[in-house]
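Read the structure below first, then the notes.
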Amino acid sequence: MPKVALITGVTGQDGSYLAELLLGKGYEVHGMVRRTSSFATGRIDHLRSGYGSNPQGLQLHYGDLGDGTGIRRIIEQVRPDEVYNLAAQSHVRISFDQPEYTADVVGLGTLRLLEALRDHNNRRSRAVRFYQAGSSEMFGKVAEVPQRETTPFHPRSPYACAKVYGHMQTLNYREAYGLFACNGILFNHESPRRGENFVTRKITRSATRIKLGLQDKLALGNLSARRDWGFAGDYVEAMWMMLQQELPDDYVIAMGEDHSVQEFLERVFDQLQLDWKTHVEIDQRFFRPAEVDRLIGDSSKARKVLGWRPRVTFDALVTMMVDSDLELAQRELRSRGQ
């Protein structure tokens with residue numbers, strides 16, 4: 001029988017790449033999606049009518065991390081071998097505007113899922129494995145560079161605080177109840193599937209539209225913030241690898257190199273042969289109340305224990321995103337009859 005996986009947040013960037021990966025490995029894959037007025041499944045539509053060796057494709061279930069009863073119902077129905085918790089209100093700047101909602105979904109939502117799995121394991125004599133999506137934002141105001149698994153957390157946003165809570169609850173359930181539960185502390189990872197309100201995708205989407213005359217200006221916030229950027233498709237492989245180990249543990253997943261937002265911006269505009277200074281405006285609305293200046297990860301533990309290696313370089317990632325958004329902008333131009 002194939003392994004069964006349940007992915008929360010399956011419609012997001014990471015969820016779509018992870019679903020592809022697991023279906024390609026012969027898993028039966030189920031995804032949990034929130035009920036909304038519009039069915040936002042653009043990233044996963046190609047997975048729903050069969051993918052790889054799985055004729056059923058990705059199977060979806062309505063659920064929400066704010067609804068503990070619904071979570072339990074889905075787990076009882078699906079009976080997963082592995083659960084990947086990727087659902088979140090994941091935009092750091094928006095978390096300052098919606099702190100209670102962010103804390104409930106990101107923090108307490110993780111606890112609801114852990115408790116549902118503990119109960120399911122006890123009643124069904126099962127041993128479901130659990131992956132919790134952590135974030136480099138948990139390190140926040142860092143005194144240690146680069147950051148590794150032992151670096152103390154100093155979160156600087158409601159999102160990061162909630163992620164720390166989820167991280168510690170995952171650790172607690174592992175130690176208190178013997179749950180096979182892993183924390184993946186993933187540094188920034190991007191792709192053409194990244195949401196357009198995240199800074200990297202905002203830059204590539206806007207720059208390609210500027211190139212084709214569809215817009216003229218791009219408003220950004222802090223250009224000096226430095227981040228460790230990798231490719232989301234590489235990072236979801238590490239998630240899977242964690243749950244295949246003999247013992248559960250926590251791992252930093254990162255490239256080990258940092259670049260400023262301005263560097264990313266320059267690479268994108270240079271590739272399009274544009275002068276970014278002509279088109280970019282600094283808008284104070286996009287600055288955070290508490291900034292995180294520099295994040296760079298040490299993934300040596302994951303490379304040694306898991307055998308994980310990133311394949312896509314920073315430059316290749318930029319090119320991938322620019323090429324994808326240029327094609328999107330060209331389709332937009334054609335749809336306007338221009």
Stepwise, does the side chain to side chain donor-acceptor pair (under 3.5 Å) test hold for S95 with Q89? CA-CA 7 Å; S95 78; Q89 189 301 100; 4.9 Å; no
Sidechain N-carboxylate O distance under 4.0 Å for E196, R205: yes
Taking the ring centre of each residue, are F153 and Y165 less than 6.0 Å apart? no
Using the ring pair (Phe, Tyr, Trp, His ring centres under 6.0 Å) rule, take F231 and Y17 through it: C-alpha gap first, then chi angles, then the decisive distance, then the call. CA-CA 10 Å; F231 172 53; Y17 281 114; 5.5 Å; yes
E257 with R226: basic N within carboxylate O range, under 4.0 Å: no
Hey, are R285 and D283 close enough for a salt bridge, meaning a charged N less than 4.0 Å from a carboxylate O? yes
Is K301 paired with D250 through a side-chain N to carboxylate O contact shorter than 4.0 Å? no
What about H91 and F198, are their ring centers closer than 6.0 Å? yes
Between L295, D258, D298, which is the residue that forms a side chain to side chain contact (heavy atoms under 4.5 Å, CB included) with P146? D298
Under 6.0 Å from the six-membered ring centre of Y27 and within 45° of its axis: does the NZ or CZ of K3 meet both? no
Answer yes or no: is there a donor N or O on one side and an acceptor on the other, between the side chain of T8 and the main chain of L86, under 3.5 Å? yes
When you look at D67 and R112, which way does the salt bridge (charged side-chain N to carboxylate O under 4.0 Å, His left out) test go after all the steps? CA-CA 8 Å; D67 176 14; R112 293 183 187 106; over 6 Å; no
Look at the side-chain heavy atoms of Ile, Leu, Val, Met, Phe, Trp and Tyr, link any pair under 4.5 Å apart, and say whether V83 and Y131 land in one connected group. no
Identify whether the distance between the nearest side-chain nitrogen and carboxylate oxygen of E137 and R227 falls below 4.0 Å. yes
Close aromatic pair by centroid cut-off 6.0 Å: F314 and H259: yes
Can you check whether W308 and Y235 have ring centres sitting under 6.0 Å from each other? yes
Does D14 pair with R43 as a salt bridge, N-O distance under 4.0 Å? no
Is the NZ or CZ atom of R93 both under 6.0 Å from the centre of the six-membered ring of F286 and within 45° of that ring's axis? no
Between CD1 on residue I253 and CD on residue E237, distance to nearest 0.5 Å: 11.0 Å
